[in-house]
Structures are given as C-alpha cells and as structure tokens.
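Presented below is the structure to which this report refers.
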Amino acid sequence: MTERKDDRLWGGRFDRPPNEEFDAFQRSFAFDRRLLPYELAVDRAWAKALQGVGIFTETEVRQTLGALVKIAERAKSDPDWIDRFGAEAEDVHHFVEKALVEELGPLGWKLHTGRSRNELVATDFRLFVVDAAAETRAALIALMKAFVAQAKANLKIPMAGMTHMQHAQPILLSHFLMAHAEAFARDLTRLHSAAASADACPMGSGALAGCSFAIDRDAIAHELGFSRVTANSLDAVGDRDFALDYLFALSGIATHLSRLAEDFVLFASQEFSYVVLPDEYSTGSSLMPQKKNPDAWELLRGKTGRVTAALFSLFTTMKGLPSSYQRDLQEDKEALFAAHDQLVSMVHVAAGAVSAMRFNESKLAAAASNPALLSTEAADYLVKKGIPFRQAHDLVGKLLREAERQAKPWTQLSLEDFQKISPAFDIDVASALQLAAALQSKSVPGGTAENSVRAAISQLEQKLKSLENKP
Ligand code: ARG
C-alpha cells in the first residue's frame, strides 16, 4: 500500500474528520515546533537504532539520515517553509513524518516503527530543558558577576542594615550586594539539579509498555547526550518532574529578582535616595516632568508572577493524572517555554540594571551614622566586661532613655552619665562605640567586616570561574 486516505498519524480507524474547532484545539504544532531540532536529533538516533535491529537496510538508513539533514537545513534557512508546510501538521512529530514522506515517499513512514509520540515528546522536552537550564545558568552567572563588580567598586561604603524595615546595625553596601549574589548562587545549584533530573532518555519506552524491537537504548541515550536511560517505560511517558524541577528553579530565581527589585525600588525613593536610577533602565511620566521611575525593577517584580504561575500551572495539570501518558501533558510546554523566555530576559535586564546602578554614598553613610545602630555594640561592650547579655541589654535601654531625656544622641552622653547607668562603662567606651569599630567587629566568616566581605567576594569569584570552565 503506497496510498493513505489522509496523512494523519492515526486516521485508519476513523470514518469522519475531526470537528474543525476541536482540531485546532488539539493541535500543538504552533508551540511544539520549537522542539524541532531535538525531534530531528532523536529521529537520527532512532534511524540508526532501527538499522541495528534489521528494520532499516543500510541504504534506507542512509536515505533517512540524508532526508533528516535536509529537513534540518531547510528549517534553518527557510523558516517560512515551517509555517507553510506545518500548517497542516498536528504536532512536531507529524511535521517531521510529513516532511520525510515528501522527501522519501513511503520510506518516510518507516521511521516510526516501534516508537510512540509519547516517548518522543518526553525525550524532546527533556533535551530542551537541559539546554534551557544551560542558557539560564549563563545568564545568571553574568548577573552574579555584575553584583561582584559592584561589590568590589563599593567595598567600603557603610549603610544602615535593616530588619523589619527599621534601622538595625551598620553593614557594608558590598555585604548587601553580595547577599543578593549568594541567593543567586543557590539558584545555580537548583538549575544544576533540574538539568540532572531531565538527563535520562525515555526512547525505548514505546507508548507505555516498552519497545518490541531489541533496540540499544544506551546507544540512543549516548548519541543524544543523555547520561542514562529512564528506568520504567510507564513512568517515563508520564513523568514531568524534570519540568517541575526546572520551573521550580526558575521560580526561585524570579523570586530572588523580585526581592532584589523591592530593595532597589525602595532605595530609589526620595525618602531613601540610596541609589541613582540609571536613565537606561528607567522611564518618565507622561504628565509629571520631574519623574524618573524605577520601571526596570518594578517590571522585574511584576513579571515574577508569570514564572511562578507556570510552576503552579504544571503542578495543577499533573495533580489529577493517572499513570502513563495522558493528553493533558501537552499543556506542559507552553507554560515552560513562556516561563523560560521570560526569566532569561528578566535576568539579562537585571544584570544590565545592576551594572548601571550608581550609589549615593553620602546618603548611605549618613544613614549608617545613626547612633541607634550602635546600641548592640554597647551591650556587647558590657558583655565583654562580664555582664550577662540580658542585663547588658536592659542597661543600654536605660542609657537610650537617659539620652532621650537629655535630648541628645546617646553616644554623646558623658562618661559620668554612662557610669551612672553601669560602673562597667570605662573610658574606652567612646572608641568601642564607633561605626568603623562596629563594622570591623563582625569579622566572622559571612560577617560584614571588610575582610570577611573580601573573602566572600573572592570565594564567589572562584566559584564562578570554576563554573565557567565547566561545560
Ligand atoms: N502533542 C503531544 C504532546 O505534546 C505529543 C504526544 C501525543 N501523543 C498522543 N498519544 N496523542 O504531548
């Protein structure tokens, strides 16, 4: 038989064509065409596997591989062809089969021997996620480098560290910047584990039960760059954990970007004026001539919802699914593609905006010199003189009240005033209650003392360097 009544992949047992609206509803080519390069790579590996079990002759495999190369080249050089030729395709798998038949005639119908779109789509999508994670990783590394460069350029600027949005203790601006870089370093780990979870080849799983031809699964996996094969055919066609893992990693990055954005939106407000917004990453008002708005950061914060929404969208799709492949799984791709595209551009914009950010040193330093920020230092001073911390805390509280009564900053009370509250205060108290001393005392690893920040910077730089050398 060299004729088929239509070119659908499954038309034989149907008498009537699908309802037009339903047909448009069920097609996925409009978005899964993005998987075409992966589909073609899987097809090449599958053609060789079929030769290995005697389904393809040497000539047939040569012709099939030649046609696959031609299709790949045409897709690259003539994207309009994909639109035209793909107009009738149900999905990317159908598209390639149609193109093969156009090239090869009935031989094009042979490649689908022993395999199912269920395993194909899972394999293509895993390959996509591995590449996507690499792209996100590269973007994230550039963002982290932007933080490191800013931390180095602003190493010694003090600022008022806050908890509950209240002045708490002095820190270095570089420490604040590195805090964000560290959060993104954790995201790199999550990206890595998402890629590892995608790194298993389902080919050979069939529709659900496995393949009835003794194809070499390891060889297919190896050719496609997978380090292992999936362990259970039923699980392999219905598993999208790797996509959830990747969306979770993206959601983590987006959430970190959103928190960063929140910091910078606040810091750009007139009340803070800690940062000078770069023109390149701001916009104005159509009505108020004076305005320069932190739109880059607001949009980064705002777009985060799309990324986390994709995670919840796929979780919700997965929740009610029985074992093996269900058509619901087709809903995985649009959400993940959109989240990936969105997130990569978010990270690019964030990296540019971080690099362009200028800091208002005098405003930051003025806030850091708020005497209230040194209260904990006074309690620590008393602890060093042998007073239990809780008592020291109370005594400093009294000192602050006394300063309030005298209407002056508490650091300017006289030594007598200090000693009235506790005789443990001595002449050296003045030098202990200095901004520089407070910063310097936080010299534990991970603390805000300049040396600790320098060490953190060089550790992160080393990590980035070693990551860059890895493929
Ligand atoms: N377009 C489908 C998807 O994205 C491909 C697999 C179709 N399988 C099927 N049995 N209809 O999931």
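Just so you know, these numbers come straight off a predicted model, no measurement behind them. When a ligand or atom number is given, it counts from 1 through the structure's own listing order.
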> Hey, does the Lys NZ or Arg CZ of Lys333 hover above the aromatic six-ring of Phe125, less than 6.0 Å from the centre and inside 45° of the axis?
Replying inline: yes

>> Looking only at side-chain N and O atoms, does Asp199 offer a donor or acceptor that is under 3.5 Å from a partner on Ser227?
In response: yes

Sequence neighbours left out, cut at 3.5 Å: what donor-acceptor pairs do the side chains of residues 66-75 make with other protein atoms?
from: Lys70; atom 1: NZ; to: Glu103; atom 2: OE1; distance (Å): 3.3

> Heavy atoms under 4.0 Å from ligand 1: which residues qualify?
Replying inline: Ser28, Asp32, Asp91, His93, Arg117, Asn118, Val121, Tyr325, Arg327, Gln330, Lys333

> Are any non-hydrogen side-chain atoms of Glu135 and Val347 less than 4.5 angstrom apart?
Replying inline: no

>> Between Arg228 (side chain only) and Ala200 (backbone N and O only), is there a donor and an acceptor less than 3.5 Å apart?
In response: no

>> Pairing donors with acceptors under 3.5 angstrom, does anything connect the side chains of His256 and Arg259?
In response: no

